[in-house]
Amino acid sequence: MTAERVNPPELSPPTGFSHAVVATGSRVVFLAGQTALDVDGKVVGETLPLQFERALVNLLTALRAAGGAPADLARVTVYATDVADYRVHAPELGRIWRRLAGRDYPAMAVIGAARLWDERALVELDGFAVLA
């Protein structure tokens, strides 16, 4: 994939995301929402950072199984049950993202959700990627 991250100077400088991603490739991979489920289907981690890390690992595992890499992510949506808590932990979540996915940020949004499918889940990530 070729990805051009577009961050116009007329918009607030992005932190941990890109305002737009222009992706060129031959395959689009749609990634289902991933929470902090382990292989037994149980939510692991009691804190938002621990659950975020596991959800991101799960998302990247699905992406790699489809033949992609973190740099192929064009869009990720984060659903959080507590946006205020997400903002408090944002610096730590950013470090987790950079360690696991690098600095090629996709277009992103964080959406507050009253609850997620898994009642113990604090965060869920979904997205799509464009592969060469």
Worksheet, complete the sentence: Note: Val76 and Pro106 closest approach over all heavy atoms is CG2-CG, 3.8 Å

Worksheet entry | Distance in Å, Met108 CE paired with Phe17 CZ, rounded so as to fall on 0.5 Å steps | 9.5 Å

Worksheet entry | salt bridge (charged side-chain N to carboxylate O under 4.0 Å, His left out): pairs with one or both residues in residues 74-92, sequence neighbours excluded | none

Discussion item. Working to the nearest 0.5 angstrom, can you tell me the gap between Leu100 CG and Arg95 CZ?
Written reply: 13.0 Å

Discussion item. According to side-chain hydrogen bond (donor to acceptor under 3.5 Å, both in side chains), who are the partners of Arg103, at least two apart in sequence or on a separate chain?
Written reply: none

Worksheet entry | Closest approach of Gly68 to Leu131 (non-hydrogen atoms, all atoms of both residues) | N-CD2, 3.7 Å

Discussion item. Can you tell me how far apart OG1 (Thr81) and CG (Leu122) are? Round to the nearest 0.5 Å.
Written reply: 4.5 Å

Discussion item. Going by the rule side-chain contact (heavy atoms from CB on, under 4.5 Å), which residues pair with Arg115 if we only count those two or more places apart in sequence or in a different chain?
Written reply: Glu119

Practice prompt. Might you point out which heavy atoms bring Asp126 and Leu31 nearest each other, and give the distance in Å?
Written response: CB-O, 3.4 Å

Worksheet, complete the sentence: Of Leu125, Asp118, Leu59, the one forming a side chain to side chain contact (heavy atoms under 4.5 Å, CB included) with Thr35 is Asp118

Discussion item. If I take atom CZ from residue Phe128 and atom CZ from residue Phe30, how far apart are they, to the nearest 0.5 angstrom?
Written reply: 6.5 Å

Worksheet item: Considering residues at least two apart in sequence or located in another chain, which fulfil the side-chain hydrogen bond (donor to acceptor under 3.5 Å, both in side chains) criterion with Arg54?
Response: Asn58

Discussion item. Tell me every residue that passes side-chain hydrogen bond (donor to acceptor under 3.5 Å, both in side chains) with Gln34, counting only those two or more places apart in sequence or in another chain.
Written reply: none

Worksheet item: Linking Ile, Leu, Val, Met, Phe, Trp and Tyr through side-chain heavy atoms less than 4.5 Å apart, which residues share a cluster with Val22?
Response: Val6

Worksheet item: Name the one of Val123, Ile96, Thr47 that satisfies side chain to side chain contact (heavy atoms under 4.5 Å, CB included) with Glu53?
Response: Ile96

Worksheet item: What is the ring orientation for Phe52 with Trp97, classed by angle as parallel under 30°, tilted 30 to 60°, or perpendicular over 60°?
Response: tilted

Worksheet item: Are any non-hydrogen side-chain atoms of Val130 and Leu73 less than 4.5 angstrom apart?
Response: no

